[in-house]
Amino acid sequence: MTSKLVVNTIESDAGVSTVTFAGDISVTGSAGALSASTLSATNLTVNGNAYPNAGPLSNRNLIINGAMQVAQRATSVTGITSSGYRTVDRFRPSMGSLGTWTIEQSTDAPDGFAYSHKFTCTTADASPAAGDDIEMEYKVEAQDLQHLNYGSASAQAMTLSFWVKSNKTGAATVNILQPDNSNKSLSPTYTISSADTWEHKTISIPADTSGAISNDNGDGLLFAWWLNSGSNSNSGTNQTTWTTLNSADKNASNLGVGGAVNDYWQITGVQLEAGTVATPFEHRSYGDELARCQRYCQVYGGATYTRFGISSAYANTGASVVIPLSTPMRTLPSITTTGNFRHELPGVASANITVFTMDLNGSDTSLIKYDVTHDSNGNFTGNKSGQVTTNNDTTARFILSAEL
Amino acid sequence: MMYKLTQFPTCVIRVSDNASTAIPFHPANTDYQEYLAWLDEGNTPLPADPIPEPEPLTPQQKLEASGLTVEELRELLGL
């Protein structure tokens with residue numbers, strides 16, 4: 001039944017300072033207008049947009065690259081059977097002995113988004129062994145979570161929201177861990193109702209008044225969207241309050257993606273925010289997201305001869321090299337190299353690089369110093385200055401990783 | 001998963017099928033944390049590759065490295 005009350009003005013009674021609406025407040029209609037000196041509600045929706053009830057009004061989304069815009073390492077990889085950052089920045093496929101996968105930054109996405117992160121099974125595992133698993137992880141840096149006041153009486157609840165699509169339907173699990181508190185855990189569930197259809201999901205994360213998150217550059221919260229697993233991870237119960245980790249709860253509701261070839265699961269629009277309301281996704285520019293991603297990963301390469309470091313030849317078989325970084329990184333990074341590289345004295349000589357090594361002495365998070373070992377060449381003497389480049393190889397990549 | 005030591009005491013290389021990762025010995029680096037866990041499992045890294053033998057310098061390269069011209073060298077030697 002719909003009832004209707006037509007009034008010109010709602011005023012507080014004499015001696016009452018506040019007019020209280022006991023339920024949710026929703027304002028709709030093109031001619032509608034709402035004004036008040038103070039307006040508060042647990043759930044306030046105006047013209048279909050939910051408004052926050054905790055946290056800031058901007059920079060709300062604690063997830064970096066939630067729209068899957070940035071994929072510095074690659075846009076698609078095939079034949080994946082092990083864990084590691086592969087394509088979309090900040091989101092890490094994690095797996096052990098459960099099928100073979102193509103992982104990509106897909107252009108299939110719901111309205112309002114250009115990309116998603118897609119997992120497609122190319123070799124199935126219909127009966128995973130007890131310890132087999134596959135999930136997608138995201139780790140939030142601890143010092144970015146301090147405003148949630150975890151471990152205090154004023155700890156704030158959070159809301160996780162995302163778009164998801166799969167050929168599989170049914171209940172699935174997101175496991176959330178607090179690494180600073182012996183992996184205290186939540187394992188809430190969400191349900192995919194229709195196959196091959198983008199659906200928006202919201203998960204409530206209760207405040208934790210007893211577990212503080214360290215104010216440092218470590219892993220503050222770990223989110224894992226589980227696709228499939230064996231019994232070690234799916235024989236427990238979904239936990240909706242913070243509790244001591246029980247591994248069997250991690251994937252208590254198992255979606256079972258990867259039981260057949262061409263099973264797929266994809267996600268985008270991931271948002272984590274303070275409060276109990278899922279507000280509209282906070283879109284950020286590509287440049288903004290890239291800079292945030294580069295705190296954890298910076299990639300050089302792509303051109304035939306990409307230059308990425310000024311060298312000083314200390315021997316005819318090696319040199320030290322410096323790179324000022326695009327943005328300060330979380331910690332001293334690792335260097336991963338694939339493909340062909342060379343050390344060159346422009347116009348004089350070049351030599352193929354065989355080994356890259358990271359040099360702690362002289363590196364910090366905003367400038368790194370590394371060493372190269374290369375084929376012997378007598379022209380590289382006397383601390384002559386040169387440069388390091390990819391060597392006629394557009395596929396070569398020099399990747400600095402300071403991921404959580 | 002296999003690791004190889006390097007000529008530097010604060011760096012180890014993780015070797016995989018198509019990539020090589022140089023890992024600094026820094027406590028907040030998660031690759032280093034994984035390496036320490038790998039060692040705790042009782043594993044042992046491969047020894048470092050020998051440093052390549054330097055190619056002998058030619059007399060001309062030695063002269064260029066010294067910064068002297070032929071005339072200056074002659075004058076120095078009283079020739």
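Convention: sequence-line order gives letters A, B, ...; per-chain numbering from 1. Scope of the values below: all heavy atoms of this structure, side chains included, with no hydrogens, waters or symmetry mates. Computed from a predicted model, the values in this text were never measured in an experiment.
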Using non-hydrogen atoms and a 4.5 Å limit, figure out which bit of Ile399(A) sits close to chain B: side chain, backbone, both or neither. neither
Going by an N to O cut-off under 4.0 Å, is there a salt bridge joining Arg73(A) and Glu104(A)? no
Glu403(A) and Arg90(A) ion-paired at < 4.0 Å: yes
Among Thr338(A), Leu360(A), Asp371(A), which residue forms the greatest number of heavy-atom pairs with chain B at distances under 4.5 Å? Leu360(A)
Relative to chain B, which segment of Arg397(A) carries a heavy atom at a distance below 4.5 Å: side chain, backbone, both, or neither? neither
Contacting moiety of Ile13(B), where chain A heavy atoms sit under 4.5 Å: side chain
Evaluate whether atom CG of Asn361(A) has more than 12 neighbouring non-hydrogen atoms of other residues, nucleotides or ligands under 6.0 angstrom away. no
Centroid-to-centroid, Phe356(A) to Phe341(A), below 6.0 Å? yes
If one checks every heavy atom of Thr331(A) against chain B at 4.5 Å, the contacting part turns out to be side chain
Let me know if Thr6(B) has heavy atoms under 4.5 Å from chain A in its side chain, its backbone, both or neither. side chain
Ring-ring centroid check Tyr138(A) Phe223(A), cutoff 6.0 Å: no
